[in-house]
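The model shown is predicted, which means the values in this text are computed figures rather than measured ones. Numbers for residues simply follow the sequence, beginning at 1. We use all heavy atoms of the structure for the numbers below, so side chains are in, but hydrogens, waters and symmetry mates are not.
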Amino acid sequence: PNLQKVLNDRGTAFRSLGFLEDALNDLSKAMELDPLDPLTYFNRGLTFLGLGKYHEASSDLSRAIQLKPDDLEAYIHRATAYFRLGMYREALADYTKVLELESSNAEAWHNRGATYLRLGEFDKAIADLSKAIGLKIKITGTYALRADAFESLGKYNEALADLEEVIRQNPTDVVAN
């Protein structure tokens, strides 16, 4: 294997172990050796996400997408960076792109619903969160988010039903988001 690949792989291993600064160093060196490798940009973008450096993450993930436009995971993680930056319209665009490429992606339905909720677009939030629930999503909090949207619209019976489902699914460890 070439040095660029070894550095990328080691950087990924460092990230998985929580050694984010070491990961960043290796991935940056790998990027210098091959500035056209989308995987290196993707991995460094994830590392920046882990460090809470959302601008840097969105930049690297944008470059990964530019180099590999059909990379669903890069769109999902860039949307996460945008969401954390309060760039909700940009996050919506990325989640929508994921759903255009893979309409059965429950995580994207959930996250787009959460983004609509943040924007106060409650009907759209309910539609997306319902779609995620219909796809048997495993993310804790989808019912709770939808309950928030229902409550915001004054649909208290629907909100109550969703909150009962949250308790049913997690009787000892209820987490809203």
- Kindly say whether Leu99 contributes a backbone atom to a donor-acceptor pair with the side chain of Trp109 at under 3.5 angstrom? no
- Does a side-chain N-to-carboxylate-O contact under 4.0 Å join Arg112 and Glu100? no
- Query: Do Leu49 and Leu46 come within less than 4.5 Å of each other through their side chains, counting heavy atoms only?
  - Reply: yes
- Task: Write down the atom of Pro35, the atom of Leu67, and the distance for their closest heavy-atom approach.
- Result: O-CD1, 4.3 Å
- Item | Ring center gap for Tyr88 and Phe83 short of 6.0 angstrom | yes
- Item | Charged N-O contact under 4.0 Å between Asp9 and Lys5 | yes
- Salt bridge between Glu121 and Lys124, side-chain N to carboxylate O under 4.0 Å? yes
- Of the non-hydrogen atoms in Ala23 and Arg15, which two are nearest, and what is the gap between them? CB-N, 3.6 Å
- Side chains of Thr80 and Tyr95: does their closest heavy-atom pair fall under 4.5 Å? yes
- Item | Distance-minimising heavy-atom pair for Glu151 and Ala159 | N-CB, 3.9 Å
- Task: Report yes or no: does Tyr75 contribute a side-chain atom to a donor-acceptor pair with the main-chain N or O of Leu61 at less than 3.5 Å?
- Result: no
- Task: State, to 0.1 Å, how close Leu117 and Ala125 come at their nearest heavy-atom pair, and which atoms those are.
- Result: N-CB, 3.6 Å
- Item | Side-chain donor-acceptor pair present, Asn8, Asp26, cut-off under 3.5 Å | no
- Step through it carefully: locate the ring centre of His77, locate the ring centre of Phe42, and say whether they are under 6.0 Å apart. yes
- Task: Considering non-hydrogen atoms only, spot the tightest contact between Ile137 and His110 and give its length.
- Result: CD1-CB, 3.2 Å
- Query: Hey, are Glu165 and Arg168 close enough for a salt bridge, meaning a charged N less than 4.0 Å from a carboxylate O?
  - Reply: yes
